[in-house]
Amino acid sequence: QVQLVESGGGLVQVGESLRLSCVASGRTSNYGGMGWFRQAPGKTREFVAGITWALGNPWYKASVSGRFIISRDNAKNTVYLQMNSLKPEDTAVYYCNTVRTVGSREGMDYWGKGTLVTVSS
């Protein structure tokens, strides 16, 4: 089992930026990478971005590609999500989770508490 702790959320204005962090502990080596997901009010949780541990290959949900950048620090078992040009529709609770392999869009472990991002217009 992997434990996940997200941080970095907050209230920002349209067009501003935020950087989220996710610290993973436990058997992260069982999985090919990490992903960021989000759940907006009244909606189901959706995939946002993923990255492989080994080579750092990223993949994104289409609507965030070009605005969000996922990165990782293997030494710290930490994954980041740099979110730029934020829009009101990016408002959600953001979660991280393990993913099986490159291109995967499903979380594999128990979910953490997430971190709330609110984009105000």
Side-chain angles (χ1 to χ4, degrees):
Q1 184 178 340
V2 174
Q3 293 76 43
L4 305 159
V5 179
E6 304 93 344
S7 63
L11 172 63
V12 296
Q13 301 293 315
V14 169
E16 293 185 339
S17 299
L18 270 178
R19 188 194 196 204
L20 307 183
S21 299
C22 166
V23 179
S25 58
R27 302 180 71 87
T28 57
S29 60
N30 286 351
Y31 303 97
M34 294 290 294
W36 281 99
F37 302 79
R38 68 187 181 188
Q39 186 168 16
K43 296 188 177 181
T44 57
R45 185 153 40 205
E46 63 176 2
F47 168 83
V48 175
I51 190 167
T52 59
W53 283 118
L55 298 180
N57 295 317
W59 62 100
Y60 298 95
K61 173 182 172 62
S63 63
V64 307
S65 182
R67 298 189 297 124
F68 290 11
I69 301 171
I70 188 170
S71 61
R72 90 274 188 257
D73 184 333
N74 288 16
K76 297 181 180 180
N77 261 13
T78 300
V79 179
Y80 305 97
L81 186 67
Q82 176 67 42
M83 305 187 296
N84 302 317
S85 302
L86 282 161
K87 304 176 180 181
E89 52 264 42
D90 296 318
T91 294
V93 177
Y94 283 72
Y95 303 87
C96 62
N97 208 326
T98 55
V99 295
R100 187 177 302 280
T101 187
V102 60
S104 296
R105 292 172 177 255
E106 294 185 5
M108 302 301 296
D109 262 280
Y110 293 105
W111 298 95
K113 295 182 178 180
T115 186
L116 176 62
V117 172
T118 304
V119 184
S120 173
S121 56

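No side-chain heavy atom of Glu6 sits under 4.5 Å from any side-chain heavy atom of Ser21. Looking at Leu11 and Ser120, their side chains come closer than 4.5 Å, going by heavy atoms from C-beta outward. Leu18 places a side-chain heavy atom less than 4.5 Å from the side chain of Leu86. Side-chain atoms of Cys96 and Val79, non-hydrogen and from C-beta on, never get closer than 4.5 Å to each other. Trp53 has its side chain within reach of Arg72: a pair of non-hydrogen atoms, C-beta onward, lies under 4.5 Å apart. No side-chain heavy atom of Trp36 sits less than 4.5 Å from a side-chain heavy atom of Val64. At least one side-chain heavy atom of Gln82 sits less than 4.5 Å from a side-chain heavy atom of Ser17. Counting heavy atoms from C-beta outward, Val119 and Val14 have side chains that approach closer than 4.5 Å.
For the atom pair CG (Leu81) and CZ (Phe68), the distance works out to 6.0 Å, reported to the nearest 0.5 Å. Rounding to the nearest 0.5 angstrom, the gap separating the CD atom in Glu16 from the NZ atom in Lys87 is 15.5 Å. Here CD of Gln13 is found 8.0 Å from OG of Ser121. Values are rounded to the nearest 0.5 Å.
Taking Glu46 as the reference, Arg38, Lys61 meet the salt bridge (Lys or Arg N to Asp or Glu O under 4.0 Å) condition, with sequence neighbours excluded. Looking at residues two or more places apart in sequence or on another chain, you find a side chain to side chain contact (heavy atoms under 4.5 Å, CB included) between Ser65 and Tyr60.
Phe37 pairs in a ring pair (Phe, Tyr, Trp, His ring centres under 6.0 Å) with only one of the listed residues (Phe47, Tyr95, Tyr94), which is Phe47.
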Check your understanding: Do Cys22 and Leu4 pass the side chain to side chain contact (heavy atoms under 4.5 Å, CB included) test, and can you show the C-alpha distance, the side-chain angles, and the key distance before you say yes or no?
Key -> CA-CA 7 Å; Cys22 166; Leu4 305 159; 4.2 Å; yes

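The hydrophobic cluster containing Trp59 does not contain Ile70, counting ILVMFWY residues as joined when their side-chain heavy atoms lie under 4.5 angstrom apart, directly or transitively. Both Val48 and Val12 are part of a single hydrophobic cluster, where members link through side-chain heavy atoms under 4.5 Å apart.
Put simply, the side chain of Thr78 gets close to the backbone of Lys76: a donor and an acceptor are under 3.5 Å apart.
Both the sub-6.0 Å distance and the 45° axial angle are satisfied by Arg19 relative to the ring of Tyr80.
For Arg100, the CZ atom is loosely surrounded, since the number of other residues' heavy atoms within 6.0 Å does not exceed 12.
In this structure, Ala24 and Thr28 approach most closely via the heavy-atom pair CB-CG2, 3.7 Å.
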Can you list, pair by pair, the side-chain donor-acceptor contacts under 3.5 Å of residues 106-118, counting residues two or more places apart and other chains?
unit_1, atom_1, unit_2, atom_2, d
Asp109, OD1, Val2, N, 3.1
Asp109, OD2, Tyr31, OH, 3.0
Asp109, OD2, Thr98, OG1, 3.0
Thr115, OG1, Gly9, N, 2.9

